[in-house]
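Note on naming: letters A, B, ... go to the chains in the order of the sequence lines (proteins, then strands), and numbering restarts at 1 for each one.
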Amino acid sequence: MFQILKDIKVKKIIVLAILIRLLLMPFFFHPDIKTYNYQASFLQKGVWDIYTYLSDRKAELPLKEEFVYFPLTYYFIGGYQFVISPLLGSGFNEWLSDSSSQYYSHPQVFKYLFLLKLPYLFLDILIGLLLTQFFLNEQKKREILKIWFFNPFSLILIYIFSNVDIMPVFLSVLSLLAVKYQRFALSALCLSLGAAFKAYTLLFIPLLIIFANSIRSKLLAAGIGVGVVAGVLVPFMGSNSFKESTLTSGLTTRLLLLNLDLGFGEVLLIGIVVISALVFNSLFIIKNYEKLTYLYAGLLLLLYSFIHFHIQWLLWVLPFLAIIVVTRKQFLVPTILLLTTAFIIPIFYDDKFMSVALLSVISPLYTQLPSPAIFIQRFYPPSLVQSLLHSILAGGSLIFCWRLLQNEK
Amino acid sequence: MRNRINIFNLIPVSLIVGILLIPVGLAFFIEKVPLNIQPGLEKTVSINKEQTVKQSFYVDQNNLSGVGLSIKNPNLMNKKDLYLEILEDEAVIRKVTVSGYSIGDGNFINFEFDPITNSANKEYSFLLSSPQTEVSESFSVYASEKDEKYNRGLLVNNEVQRGTSSFVIFTKSINPLNIVLSIYLDLVDRLFKDLVFAFFYLGVIGLLAVYLIINFKPLRRS
């Protein structure tokens, strides 16, 4: 994988990519990075079950949010904080627990943001290098590096929104690469480890089992997939706080919201219908890693189409779309259109931290600017604009998936 | 094909330009400049039909155009109007009404009014009242025990209190370029408060830029 670094053109791409990322890292702030780092800071105090700890001390803690990620996210961030604690200095915990709006005025805020986003930079570069491994042609390797490193979508999600999902995203790419080399057990291990960070990679496991090339591989993939996730989650299953914070919120429940009433208490769950159609379709197609890439991308696009999603979730699909646009050029423009549409939908939430307040570390004066929701409200209700865009996304995604899964001519 | 590659090469440059220029561009749209940092939100004072809150303050710049306050409206219960009157020598010179519908619990509410052009070096007061509000559904304004540079006295039902309400004074900027300059001067000032980090960070950026310049080759024309 690192062989490619000997190419001077690749070196220049990576240096430029790092330079762009360094320009973003210390100056853009989303409150999530402070919240989940505050929660993960309890690992150094010996807290292993963060869910119960936060729930029991809600009244006395300055930040009241629940920890909504799966346990490995907590251990990863908490462990990283432990490693870099000499660099963070003594004021770090005070900054994390500051619930006022004065976070930007801390003299070391730039250093904190830089250091806290450093693992993302590392994983981001690794994802780029992993993506080159899907291609043999040197030109295509460079092309995917450019697409991964210089697309504004991943830059915004990772370095502006401080998206901690970069860890399962890295593991999902590694898992797909393992499929390319017919290593289905390793692939399942990566997906299940990813699910121990964020549940969404579990959605890929049925597809992986279908694509595994022998009964033994299928059983192994299923066993590892379920076993590893269970191994990580079982210690927490007794905790009501864990269930409330993670299992019964977010993706799982939102997927069940959109439905058609069948009468007699039965409903048709539209999100599940569409995903199930995709999975069943996979039974009838040629099974190689390219098709699996299409299915992963299709599954996520359909997921975004039929649920109320967080902007951070869009990171999940980006590596797969990068592979698709390098492999099949005709998908470049539709991909840009779909991603742009999907990005604009959450921007219209009435939350300044989806737009202008992301610059609040540069200056709190930016928080005075109207958010896009307030601005558009003068002309049209923002929720209607969102509904319009979400409908376009759904229609576009359906056609995108259909075209993607058609046989190439 | 070569043309497409050239477009690809332009994207990183556009990204760098965008990262540097978007904050500058947006800064031109900032109209209000706060004179002070909001004091701590340590306690609250109720506002209802039986109680008003009056805060005297000093302004050292022209174009006073707003007062920002953090207001509590538990469970968004109170839908009545909240009034803020600006007084100069006990005469009302501006009045702003905000409906309880738009006051979330603990929201920072900016009471904006037409700029007072010659406000520099003068003392003003604002009076917060809500005559239709019952005691059981009171709004509350946050206050701080500590003193504040612009504070000239906090009164609840005309009785002097310790500390200050947690207010922020806004003035309207006449020259947007001044705002851009002040934002970036302040940014540089804050970055260099941590000298070790600032030199490390700028050093790394500089090294990467030098590497790219040394290895730069102009695009070949087809």
Based on non-hydrogen pairs under 4.5 Å, which of A:Ile20, A:Leu87, A:Ile18 is most in contact with chain B?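 Among A:Ile20, A:Leu87, A:Ile18, the one with the most close pairs to chain B is A:Ile20.
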
Sort out for me which of A:Pro26, A:Pro152, A:Pro364 touches chain B most, counting heavy-atom pairs under 4.5 Å.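 Ranked by contacts with chain B, first place is A:Pro26.
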
Is any NZ, NE, NH1 or NH2 atom of the basic residue among A:Asp7 and A:Lys141 found under 4.0 Å from an Asp or Glu carboxylate oxygen of the other?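 Between A:Lys141 and A:Asp7 there is no salt bridge, as every charged N stays at least 4.0 Å from the carboxylate O atoms.
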
Pick out which of B:Val53, B:Ile109, B:Thr97, B:Leu69 makes a side chain to side chain contact (heavy atoms under 4.5 Å, CB included) with B:Leu84.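 The single option meeting the side chain to side chain contact (heavy atoms under 4.5 Å, CB included) with B:Leu84 is B:Leu69.
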
Using a 4.5 angstrom heavy-atom cutoff, name the option from B:Val196, B:Ile30, B:Ile16, B:Leu191 with the most pairs to chain A.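 The option with the most such pairs is B:Ile30.
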
Most contacts with chain A, counted as non-hydrogen pairs under 4.5 angstrom, among B:Val204, B:Leu26, B:Leu20: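 The answer is B:Leu26.
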
Contact part of [X] toward chain A, heavy-atom cut-off under 4.5 Å: side chain, backbone, both or neither?
X	value
B:Ile179	side chain
B:Ala27	both
B:Leu15	side chain
B:Tyr211	side chain
B:Tyr184	side chain

Check whether [X] gets within reach of chain B through its side chain, its backbone, both or neither, counting any heavy atom under 4.5 Å.
X	answer
A:Leu23	both
A:Ile13	neither
A:Leu365	both
A:Pro370	neither

Inter-residue atom distance A:Arg21.CZ - A:Lys117.NZ, 0.5 Å rounding: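 That separation rounds to 12.5 Å.
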
Distance check, rounded to the nearest 0.5 Å: B:Phe139 atom CZ versus B:Lys80 atom NZ?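 So the gap between those two atoms works out to 8.5 Å.
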
Taking the side chain from B:Lys72 and the backbone from B:Ser140, do they hold a donor-acceptor pair closer than 3.5 Å?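 No, because the side chain of B:Lys72 does not come within donor-acceptor range (under 3.5 Å) of the backbone of B:Ser140.
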
Distance under 6.0 Å and angle within 45° of the ring axis: does B:Lys32 meet both against B:Phe170?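 Judged by the rule, B:Lys32 and B:Phe170 form a cation-pi pair.
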
Exercise: do B:Asn121 and B:Tyr58 side chains pair donor with acceptor under 3.5 Å: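 Yes - a donor-acceptor pair under 3.5 Å links their side chains.
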
No-hydrogen, no-angle side-chain donor-acceptor test under 3.5 Å, B:Gln55 and B:Ser165: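 Yes, side-chain donor-acceptor contact under 3.5 Å.
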
side-chain hydrogen bond (donor to acceptor under 3.5 Å, both in side chains) assessment of B:Asp60 paired with B:Tyr150: CA-CA 9 Å; B:Asp60 54 12; B:Tyr150 294 96; 3.0 Å; yes

